[in-house]
Structure formats: C-alpha cells, structure tokens
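Inspection log for the structure reproduced underneath, given as structure tokens.
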Amino acid sequence: MGTMFGGLPALAAARAPDPIKTFDTDNDGTLDLMEVKKVAAAEFAKLDRDHEGTLDARELRGRLSAKDVKAADPDHDGTLTMDEYLAVVTQRFDAANRDNDGTVDAKELRTPAGAALLKLLR
C-alpha cells in the first residue's frame with residue numbers, strides 16, 4: 001500500500017507540479033511579481049464562472065477565508081474585483097518574499113506565506 005513509502009500525502013506532494021517550473025516564464029528559477037500576477041489573473045478568469053468580473057466567497061472557497069475576503073473588499077460589496085484580487089496576490093507575494101529581492105524561490109514557496117500565495121494561483 002501507499003503508506004509503506006511515507007503515506008499518501010507524501011506521494012501526492014511528490015506528484016504535484018513544481019510551481020517554479022510551471023509559472024516561471026523567464027526561466028530564471030524564481031517567480032517575480034509580474035509572473036505571479038499573470039498566473040493569478042488567469043486563475044481569476046477561470047474562477048469567475050458567471051463572468052460577472054468579480055469573485056464571491058463561493059468562487060473563492062479554499063483560497064481565501066471569509067475574513068480574508070472581507071479584508072480585501074474595500075467597497076464592502078461581498079465580492080472581489082480583479083484589482084482587489086491582485087492586491088491580495090501582491091500582499092501574499094510580498095509576505096513570501098522574505099529576503100525582499102523581488103522574487104520568490106522554491107524555499108520561500110515552502111513557507112506558510114508561500115503556501116498562502118500558491119492557493120491564489122491554482
């Protein structure tokens with residue numbers, strides 16, 4: 001069974017695509033804010049199934065908590081526009097960019113802040 005080799009979660013993690021390889025369009029081994037925003041904008045469009053130009057709590061489930069949505073929603077309409085969503089992406093990118101070099105590398109993506117950023121990209 002799968003547990004002989006560290007369990008199923010480890011096996012699933014090993015099969016997950018490498019986000020650096022997946023999203024690194026300039027092939028420098030890191031993700032910069034422009035690359036991350038491009039991926040996040042595409043994810044926003046995919047999540048916006050009703051094509052209203054906003055994401056509500058249901059569409060954001062698993063990516064942002066209700067508290068996070070409320071904090072990111074300056075007009076208090078219960079939804080996030082693309083700009084509001086990208087503002088959250090930028091905040092999470094900055095939190096993950098611990099060395100403040102303008103890029104996020106694989107080590108930074110393995111932090112809790114990096115995991116929070118990745119939730120907005122997949």
Side-chain angles (χ1 to χ4, degrees):
M1 293 236 134
T3 56
M4 292 188 330
F5 299 105
L8 292 177
L11 183 60
R15 290 185 183 164
D18 177 355
I20 300 286
K21 289 180 182 174
T22 303
F23 306 137
D24 180 21
T25 57
D26 63 6
N27 296 311
D28 68 352
T30 65
L31 300 179
D32 62 40
L33 185 56
M34 187 173 63
E35 290 167 328
V36 168
K37 281 186 165 184
K38 182 178 178 181
V39 172
E43 188 64 16
F44 181 97
K46 188 170 80 175
L47 293 172
D48 184 19
R49 292 183 186 102
D50 56 13
H51 306 289
E52 292 180 335
T54 60
L55 298 178
D56 59 30
R58 179 184 49 81
E59 292 166 317
L60 289 164
R61 187 172 297 129
R63 289 171 175 77
L64 291 174
S65 69
K67 181 180 174 183
D68 290 336
V69 172
K70 187 174 181 176
D73 182 20
D75 57 7
H76 307 294
D77 68 351
T79 65
L80 298 185
T81 64
M82 173 78 80
D83 288 340
E84 291 167 342
Y85 187 75
L86 292 178
V88 175
V89 169
T90 300
Q91 290 170 348
R92 291 199 175 177
F93 178 89
D94 290 344
N97 182 22
R98 299 175 86 172
D99 59 7
N100 295 313
D101 68 350
T103 63
V104 176
D105 60 25
K107 182 178 178 183
E108 290 168 320
L109 285 175
R110 287 190 297 269
T111 67
L117 173 63
L118 287 175
K119 280 185 177 183
L120 300 178
L121 305 180
R122 328 181 172 166

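Note that the numbering runs from 1 along the sequence shown for the chain.
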- Rounding to 0.5 Å, atoms CZ (F44) and OG1 (T81) come to a distance of 6.5 Å

- Item | Distance-only donor-acceptor check, side chains D101 and T103, under 3.5 Å | yes

- Note on the structure: In this structure, OG1 of T79 is separated from CG of L55 (nearest 0.5 Å) by 8.0 Å

- With sequence neighbours left out, the residues meeting side-chain hydrogen bond (donor to acceptor under 3.5 Å, both in side chains) with D24 are none

- Query: Quick one: are L117 and V36 in side-chain contact, heavy atoms under 4.5 Å?
  - Reply: yes

- L31 side chain near V39 side chain, heavy-atom distance below 4.5 Å: no

- State the NZ-CG distance between K37 and D32, to the nearest 0.5 angstrom. 11.0 Å

- Query: Hey, which of D75, D73, L86, L47 is the one that makes side chain to side chain contact (heavy atoms under 4.5 Å, CB included) with L80?
  - Reply: D73

- Shortest non-hydrogen contact from P74 to E84? CD-OE2, 3.2 Å

- Message: Tell me which one of N97, L64, V104 satisfies side chain to side chain contact (heavy atoms under 4.5 Å, CB included) with R92.
- Response: L64

- Message: Which residues pass the side chain to side chain contact (heavy atoms under 4.5 Å, CB included) test with T25, not counting sequence neighbours?
- Response: E35

- Could you give the distance from CZ (F93) to CG (L121), rounded to the nearest 0.5 Å? 10.5 Å

- Message: Within the 4.5 Å heavy-atom criterion, are L109 and P19 side-chain neighbours or not?
- Response: yes

- Validation row: D99, E108 side chains within 4.5 angstrom (heavy atoms): yes

- Task: Only pairs at least two apart or in different chains count here, so list each side-chain hydrogen bond (donor to acceptor under 3.5 Å, both in side chains) that has a residue in residues 42-60.
- Result: E43-K46, E43-R63

